[in-house]
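Note that ligands are numbered from 1 as they come in the structure, with each ligand's atoms numbered from 1 the same way.
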Amino acid sequence: MSKLDLTHRPRRNRRTAAIRKLVQENAVTVNDLIQPLFVIDGEGEPEAIASMPGQMRWTIPTLVEECKELHGLGINAVAIFPKLDARLKTETGDEALNPETLILRAVRAVKAAVPELVVITDVALDPYTSHGHDGVFNEKGTDIDNDLTVEKLAQMAVLNAQAGADYVAPSDMMDGRVWALRVALDEAGLTGTGILAYSAKFASAYYGPFRDAVGSAQAAGTHLLGKDTYQLNPANRREAMIETELDEVEGADVLMVKPAGPYLDIIRDLRENTNLPIAAYQVSGEYAQLHAAAEKGWLDLERCRDESLLAIKRAGADMILTYFSKDVAKQARG
Ligand code: PBG
């Protein structure tokens, strides 16, 4: 019997389950997870979202119950997104600044019922605009106007924070928005409200199911509305670092990369370039593709879910926004 004369046999550290646990380098825990939730107006039952199996558009009373359940399962944070009635959407998205708009009522209700649950709100105009863009058009109608949009976002952030949001999360990718939000929050006396900045947000086709969920696809007439003049080109690593550095200097408390799975190199680059906490958003399309393949019997949903989250953690994320949060927390409870 021939034997290799080997000094190094790395398989020794993989020999038994106990050894494998001892040498394990990374793990995802429930503490790392943030559950995104959608909210609609009304008092009745939640609506299912066809392209996101298991995810709902909650009415405020059912959203509150869901948040209680998530908190009971050990989930520390939720990110809430409103789906507006199409009649409330306009060219300039003014409903975003209505002091009684849906998201504000939802945040107040959740914070009243579960004060310890961290509530994150999205700051962007896409749920409110009739064209589905994250901002307002310039006078000529040729592009999204940066500074005009930032002004509205700053007001929106203050309203969200006053309603009780712990973090406001600008997801619009306008220039200078983090600084403008910080100034507006501080001037309003909201120095404790954090900014979780979507810093490296790419112009991704993986947002399709989310655009169904909030109705921005219906408003725009397509899932694939081009946001390339503000979201990052998926080809660019260095440009992502420019964006994250600016957000850090402008006063962001947490930096986010989005999508997550297809952008692990960006998460790793960021980990090596910042000491701030890093969030990663495993987006709707990443969730939908695993469900679709599992439905066909081609992939094991739970194992792919766990592997995808572990990879995001290993790349360097501290926290993960994922639609799988509740399922993972339930499984951890056994
Ligand atoms: C909107 C926003 C989007 C997502 C979060 N905030 C979509 C977009 O930019 O069109 C996507 C999240 C997901 O796909 O799960 N500003």
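When only non-hydrogen protein atoms are considered, atom 12 (C) of ligand 1 lies nearest to F210 CD1, 3.3 Å. The protein heavy-atom contact nearest to atom 8 (C) of ligand 1 is K227 NZ, 3.4 Å. In this structure, atom 5 (C) of ligand 1 lies nearest to the protein heavy atom K258 NZ, 2.6 Å. With hydrogens left out, the protein atom closest to atom 2 (C) of ligand 1 is K201 NZ, 3.3 Å, a heavy atom. Shortest contact from atom 14 (O) of ligand 1 to any protein heavy atom: S284 OG, 2.7 Å. For atom 1 (C) of ligand 1, the closest non-hydrogen atom of the protein is D126 OD2, 3.0 Å.
By the side-chain hydrogen bond (donor to acceptor under 3.5 Å, both in side chains) test, T229 is found to be paired with D143, residues two or more places apart in sequence or in another chain being considered. In this view, F38 and F81, F210 satisfy the ring-ring contact (aromatic ring centres under 6.0 Å, His included) rule, not counting sequence neighbours.
Contact annotation for V214 and ligand 1: no heavy atom of the residue comes within less than 4.0 Å of the ligand. Here A124 has side-chain heavy atoms under 4.0 Å from ligand 1, and that is the only part of it that gets that close.
Which parts of ligand 1 touch Y281 is read off a 4.0 Å heavy-atom cut-off, strictly below it: atoms 12 (C), 15 (O). Which parts of ligand 1 touch R211 is read off a 4.0 Å heavy-atom cut-off, strictly below it: atoms 8 (C), 10 (O).
Each of V118, V123, D166, V254 was checked for a side-chain contact (heavy atoms from CB on, under 4.5 Å) with L196, and the lone residue meeting it is V254.
Judged purely by distance below 3.5 Å, without hydrogens or angles, the side chains of E95 and T101 pair a donor atom with an acceptor atom. Q282 and S308 are linked by a side-chain donor-acceptor pair at a separation below 3.5 angstrom, with hydrogens and angles left out of the test.
Contact analysis leaves E286 out of contact with ligand 1, as no non-hydrogen atom separation drops below 4.0 angstrom. Close to ligand 1: Y323, with a non-hydrogen atom less than 4.0 angstrom away.
Seen from the ring of Y281, K201 does not count as a face-on cation partner, given the 6.0 Å and 45° thresholds.
Compare S171, P259, A203 by their heavy atoms: the one nearest to atom 16 (N) of ligand 1 is in S171.
By the neighbour-count criterion of 12 heavy atoms within 6.0 Å, atom CD of E272 is densely surrounded, having more than that number from other residues, nucleotides or ligands.
Judged by distance alone, the side chain of D306 and the main-chain N or O of L310 form no donor-acceptor pair under 3.5 Å.
Note on ring orientation: taking the six-membered ring where Trp is involved, the planes of F137 and H133 are perpendicular (angle over 60°, cut-offs 30° and 60°).
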